[in-house]
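Have a look at the structure below before the remarks.
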Protein chains: 2
Amino acid sequence: MAVPSQKHDVFQAIADPTRRQVLQLLGEQEMPVTVISGHFPISRTAVSKHLRILADAGLVKERKVGRETRYRLEAEPLMELKRWLAYYERYWENKLNVLKRFVEADDETSGGNSFAALEIVDPNQPE
Amino acid sequence: MAVPSQKHDVFQAIADPTRRQVLQLLGEQEMPVTVISGHFPISRTAVSKHLRILADAGLVKERKVGRETRYRLEAEPLMELKRWLAYYERYWENKLNVLKRFVEADDETSGGNSFAALEIVDPNQPE
DNA sequence: ATTATACGAAACCTTTTGGTTTCGTGTCAA
DNA sequence: TTGACACGAAACCAAAAGGTTTCGTATAAT
């Protein structure tokens with residue numbers, strides 16, 4: 001379907017805190033530029049540029065209504081982020097499992113040195 | 001590549017494609033700077049700076065072994081990303097549900113205008 | 001018709017970013 | 001002890017990012 005000319009990618013688009021706040025705002029409802037910029041300490045033009053970047057990444061859609069341009073959230077491109085993230089989940093899940101095992105073991109033995117126990121279980125000890 | 005000792009956040013850290021590739025590399029195994037930089041067309045020093053930024057964001061941990069510094073992936077900080085993302089999942093899931101409903105309806109009626117059907121279901125129609 | 005609003009394009013400025021080269025220091029190898 | 005290696009700090013640079021102000025052009029309101 002409508003593949004936008006990817007000048008900006010999603011990762012870059014959400015890197016800026018202001019843009020993340022804009023997305024959050026637009027999650028509530030569609031709104032025109034002036035209203036959006038009313039929520040920020042920067043100029044309307046600056047917000048407009050952020051919106052362009054978000055639009056380039058496909059995270060926002062615009063629609064003209066009279067003399068105003070209303071923007072709304074378009075969340076689908078975030079699926080790419082989710083996919084990217086999924087790859088790494090196993091890493092921290094493994095870490096959490098290690099911690100869980102440790103806590104359970106400690107519950108039973110209620111004696112050993114915490115750090116020593118973690119040291120033993122930790123798999124990263126080459127050399 | 002200004003590398004202030006200030007904390008870099010995760011969003012910013014993963015914004016750069018090179019840094020994402022570095023993370024992926026380190027996902028396979030711990031490795032020293034020279035080996036890492038061997039996978040990229042940029043200088044060792046440049047890679048070193050990327051590693052610093054990743055370390056500031058907590059995405060990477062370093063360990064000195066002899067004359068080399070080995071880096072390894074540290075995925076936990078990505079949980080912040082996951083939490084951020086979770087907020088937006090409902091949006092695209094809703095979109096997908098709308099599409100699903102539309103497809104199912106079309107299966108049954110096999111006649112209506114696609115766009116008209118979507119228009120009716122779409123909730124964003126103020127004015 | 002005239003004035004006010006809404007907004008983007010342009011030009012411009014400063015800071016940050018991603019990169020380079022050069023150099024100093026610590027560490028292993030002969 | 002004399003090199004060779006691994007690496008970070010520093011100084012430097014071009015380009016991108018994030019802002020601002022100014023201006024032109026639609027559209028609405030009076």
Side-chain angles (χ1 to χ4, degrees), chain A residues 4-26 29-72 126-127, chain B residues 1-26 29-57 59-72 126-127:
Chain A
S5 56
Q6 285 271 72
K7 186 173 181 288
H8 290 94
D9 65 34
V10 180
F11 290 92
Q12 206 191 127
I14 65 165
D16 184 271
T18 301
R19 284 197 289 270
R20 289 199 297 277
Q21 287 183 57
V22 168
L23 287 183
Q24 193 178 339
L25 244 188
L26 293 180
Q29 61 172 306
E30 179 189 61
M31 50 183 94
V33 180
T34 306
V35 173
I36 299 172
S37 72
H39 290 75
F40 299 90
I42 61 180
S43 73
R44 178 188 45 83
T45 308
V47 171
S48 208
K49 286 186 188 177
H50 281 305
L51 286 168
R52 176 111 337 270
I53 290 170
L54 289 171
D56 277 353
L59 285 167
V60 126
K61 277 281 180 63
E62 44 182 291
R63 166 174 150 253
K64 297 266 230 162
V65 176
R67 61 182 160 183
E68 56 186 32
T69 309
R70 300 191 183 164
Y71 287 83
R72 69 171 188 282
E127 191 128 346
Chain B
M1 212 187 312
V3 188
S5 56
Q6 284 277 312
K7 280 285 178 188
H8 283 91
D9 67 31
V10 180
F11 291 92
Q12 201 203 354
I14 65 165
D16 184 89
T18 299
R19 284 196 290 269
R20 289 198 298 277
Q21 287 182 57
V22 169
L23 287 183
Q24 193 178 340
L25 244 187
L26 294 180
Q29 59 173 307
E30 179 188 61
M31 49 182 94
V33 180
T34 306
V35 173
I36 299 172
S37 71
H39 290 75
F40 299 91
I42 61 181
S43 74
R44 192 203 80 241
T45 309
V47 170
S48 206
K49 287 187 188 176
H50 281 306
L51 285 167
R52 172 58 51 80
I53 290 170
L54 289 171
D56 276 352
L59 286 167
V60 126
K61 278 282 179 59
E62 43 181 291
R63 179 173 67 108
K64 296 267 233 165
V65 176
R67 60 183 159 183
E68 55 186 31
T69 309
R70 299 191 185 165
Y71 287 85
R72 69 171 188 282
E127 184 131 350

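In what follows, every heavy atom counts, from backbone to side chain, and hydrogens, waters and symmetry copies are set aside. Here is how names work: the chains are called A, B, and so on, in the same order as the sequence lines, proteins then strands, and each is numbered from 1.
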Map Gly66(A) and Ala46(A) onto DNA chain D by nearest heavy atom, then report which one ends up closer to the 5' terminus.
-> Ala46(A)
Checking all strands, does Tyr71(B) fall into the base, sugar-phosphate, or nothing category for heavy-atom contacts under 4.0 angstrom?
-> sugar-phosphate
Cut-off 3.5 Å, no hydrogens considered: what does the side-chain donor-acceptor table look like for residues 16-23 of chain A, sequence neighbours left out?
unit_1   : atom_1 : unit_2   : atom_2 : d
Asp16(A) : OD1    : Thr18(A) : N      : 2.8
Asp16(A) : OD1    : Arg19(A) : N      : 3.1
Arg19(A) : NE     : Ala13(A) : O      : 2.7
Arg19(A) : NH1    : His50(A) : ND1    : 3.1
Arg19(A) : NH2    : Gln12(A) : O      : 3.3
Arg20(A) : NH1    : Ile14(A) : O      : 2.7
Arg20(A) : NH1    : Ala15(A) : O      : 3.1

For Phe40(B) and Leu25(B), the nearest pair of non-hydrogen atoms, with its separation, is CE1-CD1, 3.9 Å
Calculate the interatomic distance between Asp56(B) atom CG and dT17(C) atom P; express it in whole Å.
-> 11 Å
Every protein N/O lying under 3.5 Å from an N/O of nucleotides 16-18 of chain D:
unit_1  : atom_1 : unit_2   : atom_2 : d
dA17(D) : OP1    : Gln12(A) : OE1    : 2.8
dG18(D) : OP1    : Asp16(A) : OD2    : 3.2
dG18(D) : OP2    : Arg19(A) : NH1    : 3.1

Tell me: CG of Leu51(B) to P of dC7(D), nearest whole Å?
-> 10 Å
Indicate whether OP1 or OP2 belonging to dT20(C) is found under 4.0 Å from a side-chain N or O atom of Ser43(B).
-> yes
CG of Leu26(B) to CG of Leu54(B): how many Å apart, nearest 0.5 Å?
-> 8.0 Å
Pairwise N/O distances under 3.5 Å, protein to nucleotides 4-6 of chain D:
unit_1 : atom_1 : unit_2   : atom_2 : d
dC5(D) : O2     : Arg67(B) : NH1    : 3.3

Who pairs with Arg52(A) by side chain to side chain donor-acceptor pair (under 3.5 Å), at least two apart in sequence or on another chain?
-> Glu62(A)
Going through the checks in order, is the side chain to side chain contact (heavy atoms under 4.5 Å, CB included) test met by Arg72(B) and Arg70(B)?
-> CA-CA 7 Å; Arg72(B) 69 171 188 282; Arg70(B) 299 191 185 165; over 6 Å; no
Could you tell me whether the phosphate oxygens of dT20(C), OP1 or OP2, come under 4.0 Å of any side-chain nitrogen or oxygen in Thr45(B)?
-> no
Between atom NZ of Lys49(B) and atom CZ of Arg44(B), what is the distance when rounded to the nearest 0.5 Å?
-> 11.5 Å
Value in whole Å for how far the P atom of dT17(C) lies from CZ of Arg52(B) | 15 Å
Provide, to the nearest angstrom, the distance between the CZ atom belonging to Phe11(A) and the C1' atom belonging to dT17(C).
-> 19 Å
Taking CZ from Arg70(B) and C1' from dT27(C), how many angstroms apart are they, rounded to a whole number?
-> 14 Å
Which residues satisfy the side-chain contact (heavy atoms from CB on, under 4.5 Å) test with Thr45(A), sequence neighbours excluded?
-> Ser43(A)
What is the distance from CD1 of Ile36(A) to P of dT5(C), rounded to the nearest Å?
-> 20 Å
Pair up each side-chain donor or acceptor in residues 31-39 of chain B with any protein partner under 3.5 Å, not counting sequence neighbours, and list the distances.
unit_1   : atom_1 : unit_2   : atom_2 : d
Ser37(B) : OG     : Val33(B) : O      : 3.4
Ser37(B) : OG     : Thr34(B) : O      : 3.1
His39(B) : ND1    : Val35(B) : O      : 3.0

